[in-house]
**Student:** 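A single structure is presented below for examination.
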Amino acid sequence: MDLKQYLKSAGSVKPTVRQLNWFEKGFYAFIHFTVNTYTNLEWGLGNEDERIFDPYDLNCDEWVEAVKSAGMKGIVLTAKHHDGFCLWPSAYTEHSVKNSPWKNGKGDVVLECAQACARGGIEFGVYLSPWDRNSKYYGTPEYNDYYCNQLTELLTNYGKLFHIWFDNACGEGENGKKQVYDFERYIALIRKYQPEATIYNDYGPDVRWCGNEAGTSRRAEWATVPTELCFRCEAQTGPGPLADAADMSYIRNWDKNIGEISNIMYSKALGFAGAEIDMSIRPGWFYHANEEPHSIERLFETYLNSYGNNACFNLNIPPMPSGRFDPRDIKRLKEFGEAINDAFGDHKKVNYTVTRKDINDTQCEFELSLDERADVRYIELRENISQGQRIESFLIFDGESRIFSGFTVGNRKICPVKSEKNSDHLKILITAARNTVDMREITVYKA
Ligand code: FUL
């Protein structure tokens with residue numbers, strides 16, 4: 001296929017409705033909570049005494065309020081982490097809340113959290129770790145039945161779930177064997193019981209890992225990626241012009257050029273999977289009393305790098321042993337919400353009129369006449385990704401001076417700018433695109 005045709009097909013790789021809905025959520029919370037919260041570990045051993053889990057002051061409504069104060073739209077709870085301890089009374093193991101002193105073994109954190117989310121009007125989802133250091137089945141084919149039984153409990157007893165999260169972590173089983181996860185079966189179960197939920201795995205099908213836990217993203221964050229990387233995504237194109245005899249076995253989800261032309265040219269097919277940026281508000285995923293929440297500057301920068309860079313932001317807040325959030329985290333979340341509102345609230349929007357000029361098929365410019373002379377601070381661009389992600393690169397001018405040079409737009413690109421001229425005229429020049437530019441929205445925010 002010739003390059004032009006190939007790029008056009010690459011620029012028409014489409015998301016599913018569930019992927020579009022996930023993109024619209026944009027910003028949601030992880031909650032890491034298990035026996036680790038009581039042992040001060042990050043990865044539990046699997047042999048913890050169930051009696052150590054005692055969130056005597058659990059208040060999931062407080063979690064929801066804190067999460068909402070930052071503007072987050074949902075919670076993903078670690079129903080089971082690598083230690084195998086279940087936050088709900090699973091019928092398939094004794095290693096759960098049912099053997100904890102909390103509520104005399106009648107407690108269910110998953111239920112309390114799901115109900116609090118429903119009361120607070122936000123979404124609820126779960127993380128069910130495939131790696132299980134407690135289960136006697138781990139390392140045998142029976143483990144997949146065990147995992148599916150637990151998954152079914154979660155999928156059928158807690159109402160609508162918006163996001164199901166599982167990683168590829170895979171330690172040695174007790175019998176010394178490595179577990180082979182039957183991901184196809186897990187995915188089929190989720191599709192059966194929660195067809196609207198997006199599935200996060202390091203390699204898709206719906207949402208892929210960005211490749212790090214530090215809150216950074218790529219200069220070009222494409223949702224259109226080789227199926228060699230996202231091997232559970234539906235293939236939507238033919239092979240790239242250099243795919244013949246190409247070796248894609250090197251590809252990893254932390255590579256810098258995923259989705260770039262230098263990468264997709266060699267692919268056998270492309271599919272759609274947006275990146276999720278997962279990061280904890282503190283250094284650890286679980287609560288450690290000696291750790292402090294990250295600065296508001298770091299959180300805000302991560303927000304721009306994720307929500308503002310064609311990805312979603314999954315920010316973890318770990319509860320304390322009491323079951324409450326640390327007041328320092330609650331305060332930081334509130335400040336974070338205020339900072340976001342201060343930058344992107346309606347009061348910061350500048351009205352304008354726009355004219356579009358097409359230079360050719362794949363290059364065009366948008367001329368914006370602002371209603372007022374404004375000290376512009378952010379320009380937010382959004383492509384209509386329901387038709388595919390297309391923009392490769394662009395420039396922004398304030399009067400005659402270039403104030404921003406960027407790659408990829410996708411669902412949302414927030415460009416921090418300094419408009420030195422304080423002018424009432426901006427130009428957005430799309431310097432390269434894979435297919436005709438379909439701009440959904442341009443928003444201008446003043447300082
Ligand atoms: C990783 C896990 O190993 C970490 O403990 C944490 O849960 C992180 C979000 O995912 O795969």
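Since this is a predicted model, take the numbers as computed values, not measurements. Counting starts at 1 for both ligands and their atoms, following the listed order. What's counted below: heavy atoms across the whole structure, side chains too, no hydrogens, waters or symmetry copies.
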**Student:** List the steps and the verdict of side chain to side chain contact (heavy atoms under 4.5 Å, CB included) for Asp247 and Tyr266.
**Tutor:** CA-CA 8 Å; Asp247 179 6; Tyr266 297 88; over 6 Å; no
**Student:** Would Arg219 pass as a cation-pi partner of Phe407, given that its NZ or CZ must be under 6.0 Å from the six-membered ring centre and within 45 degrees of the axis?
**Tutor:**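 Yes, a cation-pi geometry.
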**Student:** Using the test disulfide bond (SG atoms under 2.5 Å apart), find all partners of Cys233 that sit at least two apart in sequence or belong to another chain.
**Tutor:**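 Partners of Cys233 by the disulfide bond (SG atoms under 2.5 Å apart) criterion, ordered by chain and then number, come out as Cys230.
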**Student:** Quick one: sort the Phe30 and Tyr127 rings into parallel, tilted or perpendicular, breaks at 30° and 60°.
**Tutor:**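 Taking Tyr127 first and then Phe30, their aromatic rings sit tilted (interplane angle of 30° to 60°).
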**Student:** Compute the centroid of each ring, for Tyr158 and then for Phe124, and state whether the two points are separated by less than 6.0 Å.
**Tutor:**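 Centroid separation for Tyr158 and Phe124: 6.0 Å or greater.
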**Student:** With a 4.0 Å heavy-atom cut-off, what residues sit around ligand 1?
**Tutor:**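 Residue list for ligand 1: Phe30, His32, Trp43, His81, His82, Tyr127, Trp165, Asp167, Glu213, Asp278, Trp285.
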**Student:** Can Arg434 be said to sit on top of Trp222's aromatic six-ring, NZ or CZ under 6.0 Å from centre and within 45° of the ring axis?
**Tutor:**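 Yes, Arg434 sits over the ring of Trp222.
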